[in-house]
Student: 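So that we are looking at the same thing, I have put the structure below in structure tokens.
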Amino acid sequence: MSAGKSRARQDQTGADAPTRIRVALGDRAYDVLIGQGLLARSGALIADHVGKAKCAVVTDANVSGHHLATLRDALSVQGSFAGAEVLAPGEATKSFPALAQLCERLLQMGLERGDVVVALGGGVIGDLTGFAASILRRGTRFVQIPTTLLAQVDSSVGGKTGINTQQGKNLVGAFHQPSLVLADIDTLATLPARQFRAGYAEMAKYGLLGDAAFFAWLEQNWRAVFARDPAALTHALAVSVQGKADIVARDETETGDRMLLNLGHTFGHALEAWAGFSDRLLHGEAVAIGICLAFRLSEELGHIGNNSLARVTTHLTDLGLPTRIGDIPGGQLPNAAALLQIMGQDKKVRAGALTLILVRGIGEAFITRNVSRDKVRDFLAAEIAAVRP
Ligand SMILES: NC(=O)c1ccc[n+]([C@@H]2O[C@H](COP(=O)([O-])OP(=O)(O)OC[C@H]3O[C@@H](n4cnc5c(N)ncnc54)[C@H](O)[C@@H]3O)[C@@H](O)[C@H]2O)c1
């Protein structure tokens, strides 16, 4: 995996030029720019990459206080600011009612098909806004300006958009690729530490699923990443985004390799759903536990025999992420049957068979449908029993 392929030193304005990763999807190809000060230059960057167009901004009430003014000013300089819609923060905003209201607001702002919807925020805003753009006037372009580590490293790239329903997470949505992604690492300065840590789980995932050298780099350098050291953070983001871009270019709509990106997610989603998509367990925290469960099940099934599991759990524990079901705070734990039932709703279920992403070692994930539900239930029951006092 290579990254930072076109890291010029400075652009025409004298500012540090961003690292550019290309997501190679033919006529839907786009750039992911990673660097500092991008928000203040976003008007010009959007005009350069997407062309002159009106831009409607969608954000949430936490992010708007920190970053909306910078974006509005940058767009206004270009004469392209069409308005902003500020939504309630949190997973509940990824809903049918919020989607309907957002579409109405974007139309009220006079957005036409050639215009652009800009998502300024974390994965919640990115997923909802991308879905709204995909159906607005049968398809409007959109730009992602991710402001959480999770969104910069994962959700802003690859074109998966959607909302949650009562049946589960992300069950209604569309593949709709953005036209540009601006990952401004300066925006992470205002991100709460717990959110940063949760996003790191998705970053570590890229090493664990296909790039052992990157995981080893993270083991050595995670403190610099957490200190938001610009060089370390940019490098880690660039390797992660390149990893995702490579997989998305091979399998845009997740019929094969893209499923590898779900390492830790089948278990993680079930735990998240059980916890009610609440602050009790953030998405990235659920993924961290899910990754460890995938490694532990892989060990139990004889796929890994060396110290892989210990390395993963040590690393995630060192930086403060949960690694076991019993680490979920708040007392009551789930039972195995309930988790298995939720896992049955997973979009990767085929003919009733669970699709699991397991590993043969660090950096060697594979897709399997050969683990029976009984085996998974017994494994989960043992996991839960092991952590009960
Ligand atoms: N589309 C995909 O491929 C994909 C991939 C992974 C996750 N997701 C989705 O992403 C969502 C989770 O995303 P998330 O973790 O970014 O959550 P989020 O969007 O809820 O953001 C987390 C919290 O941080 C706040 N915040 C965001 N940026 C901030 C900043 N710079 N400063 C201060 N506060 C800030 C938000 O207001 C929110 O309270 C889930 O819905 C998940 O399903 C999608």
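Numbering of ligands and ligand atoms starts at 1, following listing order.
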Student: Using a strict cut-off of 4.0 Å, indicate which atoms of ligand 1 neighbour a heavy atom of Lys169.
Tutor: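 Near Lys169, meaning under 4.0 Å from one of its heavy atoms, ligand 1 has 40 (C), 41 (O), 42 (C), 43 (O).
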Student: Would you call the rings of Phe142 and His176 parallel, tilted or perpendicular, taking 30° and 60° as the class edges?
Tutor: parallel
Student: Any nitrogen or oxygen of His66, side chain or backbone, less than 3.5 Å from one on ligand 1?
Tutor: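 His66 vs ligand 1: no N/O contact under 3.5 Å.
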Student: Is there a donor in the side chain of Glu272 and an acceptor in the side chain of His265, or the other way round, less than 3.5 Å apart?
Tutor: no
Student: Between Met109 and Arg105, does the side-chain contact (heavy atoms from CB on, under 4.5 Å) criterion hold? Intermediate values first, please.
Tutor: CA-CA 6 Å; Met109 286 183 212; Arg105 283 287 299 128; 3.6 Å; yes
Student: Just which atoms of ligand 1 are under 4.0 Å from any heavy atom in Val63?
Tutor: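 The atoms of ligand 1 under 4.0 Å from a heavy atom of Val63 are 26 (N), 27 (C), 28 (N), 29 (C), 35 (C).
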Student: Which is it for Thr161 and ligand 1 at heavy atoms under 4.0 Å: side chain, backbone, both or neither?
Tutor: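 The answer is neither.
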Student: With heavy atoms under 4.0 Å as the rule, classify the contact between Pro89 and ligand 1 as side chain, backbone, both or neither.
Tutor: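 Under 4.0 Å from ligand 1, Pro89 contributes side-chain atoms alone.
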Student: State plainly whether one hydrophobic cluster holds both Leu281 and Ile325, where clusters connect Ile, Leu, Val, Met, Phe, Trp and Tyr through side-chain heavy atoms under 4.5 angstrom apart.
Tutor: yes
Student: Does only the side chain of Lys160 get under 4.0 Å from ligand 1, or the backbone, or both, or neither? Count heavy atoms.
Tutor: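 Contact part for Lys160 vs ligand 1: both backbone and side chain.
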Student: Using heavy atoms and a threshold below 4.0 Å, how should the contact between Thr190 and ligand 1 be classified: side chain, backbone, both, or neither?
Tutor: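 Under 4.0 Å from ligand 1, Thr190 contributes backbone and side-chain atoms.
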Student: Aromatic contact between Phe226 and Tyr200, with the criterion being ring centroids under 6.0 Å apart: yes or no?
Tutor: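 Yes.
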Student: May I ask you to identify, for Asp127, whether its side chain, its backbone, both or neither come under 4.0 Å of ligand 1 on a heavy-atom basis?
Tutor: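 The answer is the side chain of Asp127.
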Student: What part of Leu150, side chain from CB on, backbone N/CA/C/O, both or neither, has a heavy atom under 4.0 Å from ligand 1?
Tutor: side chain
Student: Backbone, side chain, both or neither: what part of Lys244 comes under 4.0 angstrom of ligand 1, heavy atoms only?
Tutor: side chain
Student: Indicate yes or no: does an N/O atom of Glu91 lie under 3.5 Å from an N/O atom of ligand 1?
Tutor: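 Right, the criterion is met.
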Student: Answer yes or no: is there a side-chain heavy-atom contact under 4.5 Å between Leu191 and Thr147?
Tutor: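 Side chain of Leu191 against side chain of Thr147, heavy atoms only: no contact under 4.5 Å found.
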Student: For atom CD of Gln78, is the number of surrounding heavy atoms from other residues, nucleotides or ligands below 6.0 Å larger than 12?
Tutor: yes
Student: I'd like to know if the side chain of Glu364 pairs up with that of His303 as donor and acceptor (distance under 3.5 Å, no hydrogens or angles considered).
Tutor: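 No, because no side-chain N or O of Glu364 sits under 3.5 Å from a partner of the opposite role on His303.
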